[in-house]
Structures are given as C-alpha cells and as structure tokens.
Amino acid sequence: MSEDLKQEALEFVREHPTSHLATVDGGKPMTRVMYTPRVDDDFTVWYATSGSSNKIRQVKADPNVCTVFYEDARWVGVCGQAKVVTDQEMKNELWEDDWTRYWPDGAENPDYVLMKATPESVDILDLTKPE
C-alpha cells in the first residue's frame, strides 16, 4: 500500500470511529457495531468494553477478528488478532468521560477493559473514485 493510500485510509477510519467488529464464536462469525476510540498508525484498532462481555469471551477462545469502517461507497477492513488489555496506564490513556454511564467509578473499574486488534491485513475500497 502506498504511503498516500495508507494516510488516506487512516484519516478515513479516524473520522468514522463507528465500526463493525466481527469475532468468532464456536466457529461462526459474530458481528456488532462498536465505537473505536483509537486507531494507531499501523492500523492497530482499540476498543473499550466490559471484561464480562461475550466479545471478550470469544476473543479469549479465538483471537481472530475483523473490523470494517464504512460510509457510503467507501470502506476500510482490518483483520488480525485481538487480545484483552488490562494495563491501567493504557486504560487511563483511552478513557473517555462519556463512558461513566457504563463504568460509573471510571477507568479504575475492573470490568472496564481494552481490546487491542493487531492487524494482519488491511483492505480498502473506495467506489467514489473513478478507476
């Protein structure tokens, strides 16, 4: 992927933080809409979630995940391996005040965890551009 295309794709995913996350449950895909608080320059995708959620159970059993960011006729798909992150410093770094509705006692809540999806592939489709 060219550096220009990479930068364009990163800008797109950062401007569209709502994504579709697919995990694997018993060999079958499970998809849900998730807010993405951060995407690193290498397309590592970060999520905040409940440590007791189904997605965390699924990632622990099978770390294969795919995330799709979509708007109109443009999308970026990132597939790779996910893991649960409980590092308090990282939890503090990504914490958003709006999340107190889920974790009223803040970033220190033990049920608040991060999921880090490290990319193995990135696919980009932009049907708004002429071929």
Side-chain angles (χ1 to χ4, degrees):
M1 162 182 340
S2 74
E3 191 59 33
D4 287 345
L5 184 58
K6 177 183 175 184
Q7 289 308 313
E8 185 177 321
L10 280 168
E11 181 178 316
F12 177 78
V13 300
R14 289 172 176 159
E15 289 175 359
H16 301 87
T18 302
S19 64
H20 293 81
L21 169 68
T23 56
V24 180
D25 190 10
K28 297 182 184 200
M30 299 298 293
T31 306
R32 79 276 290 151
V33 175
M34 295 280 296
Y35 170 71
T36 309
R38 185 166 110 186
V39 178
D40 294 338
D41 288 345
D42 66 351
F43 288 96
T44 295
V45 180
W46 291 86
Y47 294 101
T49 191
S50 169
S52 58
S53 69
N54 283 333
K55 74 186 83 51
I56 293 300
R57 177 185 53 78
Q58 293 158 357
V59 162
K60 287 179 177 179
D62 185 335
N64 291 295
V65 297
C66 283
T67 300
V68 174
F69 301 86
Y70 176 83
E71 181 183 63
D72 299 325
R74 298 174 66 193
W75 67 265
V76 175
V78 181
C79 293
Q81 301 286 306
K83 70 177 186 174
V84 180
V85 176
T86 58
D87 175 72
Q88 191 60 52
E89 186 175 319
M90 194 60 166
K91 288 170 53 172
N92 292 342
E93 183 177 329
L94 292 185
W95 177 258
E96 295 187 13
D97 290 336
D98 286 351
W99 296 344
T100 55
R101 70 180 124 174
Y102 308 113
W103 303 285
D105 48 343
E108 302 292 325
N109 188 312
D111 189 49
Y112 160 57
V113 300
L114 302 173
M115 189 174 73
K116 175 184 179 182
T118 302
E120 294 176 344
S121 66
V122 177
D123 294 306
I124 301 165
L125 178 65
D126 187 349
L127 297 175
T128 65
K129 293 182 177 182
E131 291 188 46

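Excluded from the calculations below are hydrogen atoms, water molecules and symmetry mates; all remaining heavy atoms, backbone and side chain alike, are included.
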In short, disulfide (SG to SG under 2.5 Å) pairs touching residues 12-112 with sequence neighbours left out are C66-C79
Quick note, ring-ring contact (aromatic ring centres under 6.0 Å, His included) partners involving residues 5-31, not counting sequence neighbours, are F12-H16
ring-ring contact (aromatic ring centres under 6.0 Å, His included) pairs touching residues 67-98, sequence neighbours excluded, are W95-W99, W95-Y112
Apart from V24 itself, members of its ILVMFWY cluster (side-chain separation under 4.5 Å) are none
Going by chain and number, the hydrophobic cluster around M30 (ILVMFWY, side chain to side chain under 4.5 Å) further includes none
Hey, could you give me the [atom1]/[atom2] distance between [X] and [Y], rounded to the nearest 0.5 Å?
| X | Y | atom1 | atom2 | result |
| --- | --- | --- | --- | --- |
| W46 | T36 | CH2 | OG1 | 13.0 Å |
| D126 | E8 | CG | CD | 6.0 Å |
| T100 | D98 | OG1 | CG | 7.0 Å |
| K28 | T23 | NZ | OG1 | 13.5 Å |

Exactly one of L114, V59, I56 clears side chain to side chain contact (heavy atoms under 4.5 Å, CB included) with T49, and that residue is I56
Within the structure provided, determine whether [X] and [Y] are in side-chain contact (heavy-atom separation under 4.5 Å).
| X | Y | value |
| --- | --- | --- |
| Q7 | E3 | yes |
| V68 | V76 | no |
| E108 | Q88 | yes |

Sequence neighbours excluded, which residues qualify as side-chain hydrogen bond (donor to acceptor under 3.5 Å, both in side chains) partners of [X]?
| X | value |
| --- | --- |
| E96 | Y35 |
| N64 | D62, Q81 |
| D111 | S50, S52 |
| D105 | N109 |

Apply side-chain contact (heavy atoms from CB on, under 4.5 Å) to L21 and M115, showing your working.
CA-CA 11 Å; L21 169 68; M115 189 174 73; 3.3 Å; yes
Residue set satisfying side-chain contact (heavy atoms from CB on, under 4.5 Å) with N54, at least two apart, ordered chain then number -> R57, Q58
Residue set satisfying side-chain contact (heavy atoms from CB on, under 4.5 Å) with D42, at least two apart, ordered chain then number -> D40, T44
For residues 77-94, the salt bridge (charged side-chain N to carboxylate O under 4.0 Å, His left out) pairs (sequence neighbours left out) are R38-E93
With a 3.5 Å distance limit and no angle check, can you tell me whether S2 reaches the backbone of L5 through a side-chain donor-acceptor pair? yes
### N/O donor-acceptor pair under 3.5 Å between R14 side chain and V39 backbone
yes
Hydrophobic cluster membership, with links at side-chain heavy-atom distances under 4.5 Å among I/L/V/M/F/W/Y: are V85 and L94 in one? yes
query: Out of curiosity, does I124 fall in the hydrophobic cluster containing V13 (side-chain heavy atoms, cut-off under 4.5 Å, transitive links)?
result: yes
